[in-house]
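Just below is one structure, and these are the notes that go with it.
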There are 2 protein chains.
Amino acid sequence: MGVTTRSRPDVHTAAELIDESLDAGHVCSIVGRCTVAYDGRTQSTLPAGERLVVCKPDGTLLVHHAAGHKPVNWQPPGGTHDITLIDGELHLQSRRDAPDERVEIRFTDLRQVSAYALEEDHDRDVTGSEDDLRQRILEQPTLVEEGFQPRMTERETSAGPVDIYGVDANGTPVIVECKRRRVGPDAVGQLARYVAAAEREYTTKTVRGILIAPSITDRAERELTQHELKWVALDPIHSV
Amino acid sequence: MGVTTRSRPDVHTAAELIDESLDAGHVCSIVGRCTVAYDGRTQSTLPAGERLVVCKPDGTLLVHHAAGHKPVNWQPPGGTHDITLIDGELHLQSRRDAPDERVEIRFTDLRQVSAYALEEDHDRDVTGSEDDLRQRILEQPTLVEEGFQPRMTERETSAGPVDIYGVDANGTPVIVECKRRRVGPDAVGQLARYVAAAEREYTTKTVRGILIAPSITDRAERELTQHELKWVALDPIHSV
DNA sequence: GCCTAGGTCCCGTAC
DNA sequence: GTACGGGGCCTAGGC
């Protein structure tokens with residue numbers, strides 16, 4: 001319904017509110033001064049500073065500071081939060097397995113603690129993804145080139161699954177790799193891997209590779225040439 | 001110092017608090033029911049739902065729902081926030097250039113608006129990064145193989161910069177690619193690109209490629225074999 | 001559980 | 001500004 005908020009709470013009040021809220025499946029926001037230590041896939045420490053900490057009931061932990069999109073420290077969903085009081089300080093520890101990792105936050109000053117239920121949410125509906133680009137090609141294969149015929153999507157090679165497998169006007173196998181945005185050398189490497197694997201595995205001697213993307217960097221274009229691959233300019237959003 | 005909070009504010013109170021706080025360089029948290037529309041690199045819409053919205057003075061916008069690490073909608077830093085009242089509704093629009101994109105949030109219900117100053121923050125200190133792995137190798141090159149001598153880091157090839165360039169016991173050029181975690185086929189493709197470029201560009205006929213990583217997938221190992229590359233198991237964290 | 005690749009990836013750094 | 005690769009990337013979809 002509403003939001004439960006404690007301004008400058010003492011540690012006991014804060015601990016109780018956070019504990020009960022997380023148990024109830026609510027989200028908690030904590031504004032205060034804290035240190036953060038992470039141990040898991042790497043190790044990191046963060047000196048005392050003022051931050052916004054968000055705990056979600058699914059185990060997600062976010063530590064945000066004044067700037068930037070990314071949390072300065074975090075825990076992905078799947079773990080558990082634990083609140084403890086040690087030497088009169090509020091400690092929040094978030095642990096998860098696989099990988100085994102933990103974040104420990106020690107608050108030296110609590111400016112505000114809030115808790116609120118957020119109902120389950122819908123997914124967002126996106127247009128302009130790589131999948132939309134693939135769909136465009138399947139509906140209008142000549143956008144790739146005259147005579148191109150798609151035969152399969154996600155066809156497996158020993159190097160991985162190819163976006164679109166098909167044949168050209170001569171019946172030569174073609175591997176199409178789609179990218180929704182400007183591509184660099186990595187995308188060319190990906191396509192080259194698929195083509196090389198297909199040439200080893202398909203009965204045909206030659207396999208062509210075509211990269212679909214709105215634009216391409218100079219270096220990527222040079223790499224394309226080296227591998228005798230082709231680039232076709234195409235946008236995920238249909239431009240009329 | 002503290003946190004300014006309005007519980008169930010009317011739209012005018014909310015608009016004023018958000019406007020003034022962002023102007024003052026403070027962070028705002030808004031809990032409420034809203035729809036979100038994004039237009040930029042892609043387009044997306046999100047139906048009405050209960051969310052936590054965070055606005056930072058650097059232009060960052062985060063829309064979080066009850067679950068998950070990633071915001072359900074967002075704006076990276078660099079843009080500007082704008083608050084407007086339209087038909088008695090609070091609208092928050094975040095715009096930025098390069099790329100040109102905007103997020104528009106329409107609140108149908110405001111449960112809480114908070115604002116607070118967060119002082120500038122330090123960066124976090126991390127150990128266990130790829131750079132640590134590279135450092136380990138430079139200090140103890142025999143970890144790569146007996147007789148390996150590093151000569152240069154970030155040496156440029158037409159395919160991109162290589163992590164470590166050196167020579168083996170026979171004086172043959174060696175390109176070393178370091179990964180801090182288990183690698184898949186993409187890392188092999190990256191190394192293969194560098195080796196191929198080096199073979200074209202260096203005066204020597206043969207260039208060897210060695211992948212350094214704690215572990216490797218089956219498919220990546222097969223790709224390695226195909227390209228006559230080598231993998232050496234090594235962890236970024238020094239194990240005693 | 002692991003593997004594979006996409007992402008409005010974000011981000012730093014070098015050019 | 002662009003470009004390139006790292007990231008505790010996260011996340012979805014297969015197997």
Side-chain angles (χ1 to χ4, degrees), chain A residues 38-44 60-61 67-78 96-103 123-124 126-131 133-134 154 156-157 159-163 177-187 189-190 193-194 215-220 236-237, chain B residues 38-44 60-61 67-78 96-103 123-124 126-131 133-134 154 156-157 159-163 177-187 189-190 193-194 215-220 236-237:
Chain A
Y38 164 76
D39 189 8
R41 286 171 284 178
T42 66
Q43 286 144 288
S44 74
T60 299
L61 175 74
H69 164 95
K70 296 180 71 176
V72 67
N73 241 302
W74 71 93
Q75 192 76 289
R96 70 166 190 155
D97 306 324
D100 186 42
E101 53 189 352
R102 67 190 59 198
V103 175
D123 275 339
R124 114 191 106 98
V126 187
T127 60
S129 63
E130 177 178 316
D131 205 55
L133 178 53
R134 188 158 28 202
E154 302 291 334
E156 280 293 338
T157 70
V162 309
D163 280 346
E177 175 62 33
C178 304
K179 295 294 175 195
R180 65 165 303 282
R181 58 172 187 164
R182 184 172 176 80
V183 295
D186 54 336
Q190 191 184 347
R193 266 192 290 133
Y194 295 158
S215 64
I216 183 170
T217 67
D218 289 351
R219 197 173 257 171
I237 308 264
Chain B
Y38 165 74
D39 190 7
R41 286 170 284 178
T42 66
Q43 287 144 288
S44 74
T60 299
L61 176 73
H69 165 94
K70 297 180 72 175
V72 65
N73 246 302
W74 72 95
Q75 192 76 287
R96 68 167 191 155
D97 305 323
D100 187 42
E101 52 189 352
R102 68 191 57 198
V103 174
D123 276 339
R124 115 190 109 101
V126 187
T127 60
S129 63
E130 176 176 318
D131 205 55
L133 178 54
R134 189 160 26 204
E154 303 291 335
E156 279 294 337
T157 69
V162 308
D163 281 345
E177 175 62 33
C178 305
K179 294 294 175 194
R180 64 165 304 283
R181 58 170 186 165
R182 183 171 177 82
V183 295
D186 54 335
Q190 192 184 346
R193 269 192 289 134
Y194 294 158
S215 63
I216 184 171
T217 67
D218 288 352
R219 198 174 255 173
I237 308 263

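Each chain gets a letter, A, B and so on, in the order the sequences are listed, and its residues count up from 1. Heavy atoms only: backbone and side chains are in, while hydrogens, waters and symmetry mates are out.
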Among D:dG6, C:dC3, D:dG5, the one nearest B:Thr217 by side-chain distance: C:dC3
Students often get this wrong, so: under 4.0 angstrom with heavy atoms, is A:Ala98 touching a base, only sugar-phosphate, or nothing? sugar-phosphate
Is there a side-chain contact between B:Tyr194 and the phosphate of D:dC4, meaning an N or O under 4.0 Å from OP1 or OP2? no
May I have the distance from A:Asp186 (atom CG) to D:dT2 (atom P), rounded to whole angstrom? 18 Å
Measure from CZ on A:Arg219 to P on D:dA3 and round the result to the nearest Å. 11 Å
Note: for B:Gly40 and A:Asp97 on DNA chain C, the residue whose nearest nucleotide lies more 5' is A:Asp97
Rounded distance (Å) that lies between atom P of D:dT2 and atom CG of A:Asp218: 13 Å
Thinking salt bridges, do B:Arg219 and A:Glu156 make one under a 4.0 Å N-O criterion? yes
What interatomic distance, in whole Å, is found between P of D:dG8 and the corresponding atom of D:dC4? 23 Å
Rounded to whole Å, how long is the line connecting atom CD of A:Glu154 with atom P of C:dA5? 10 Å
Does a side-chain N or O from B:Arg134 land closer than 4.0 Å to OP1 or OP2 of D:dG5, or not? no
Counting primed atoms, P, OP1 and OP2 as sugar-phosphate and everything else as base, the B/S/- map of nucleotides 8-15 of chain D against protein heavy atoms under 4.0 Å is BBSS----
So if I take every side-chain heavy atom of B:Lys179 and compare against D:dG6, C:dC3, C:dG1, which nucleotide ends up nearest? D:dG6
Base-pairing mate for D:dG8 - Watson-Crick or G-U, with both contacts under 3.5 Å: none
Distance check needed: C:dC3 P versus A:Glu156 CD, whole Å only. 14 Å
Separation of B:Leu61 atom CG from C:dC9 atom P, in whole Å? 17 Å
Within the structure shown, what part of the strands sits under 4.0 Å from B:Pro185 by heavy-atom distance: base, sugar-phosphate, or nothing? sugar-phosphate
Respond yes when some side-chain nitrogen or oxygen of B:Gln190 is under 4.0 Å from OP1 or OP2 of D:dG6, and no when none is. yes
Salt-bridge contact B:Asp163-B:Arg134 (side-chain N to carboxylate O under 4.0 Å): yes
Apply side chain to side chain donor-acceptor pair (under 3.5 Å) to the pair B:Gln43 and B:Tyr38, showing each step before the final yes or no. CA-CA 5 Å; B:Gln43 287 144 288; B:Tyr38 165 74; over 6 Å; no
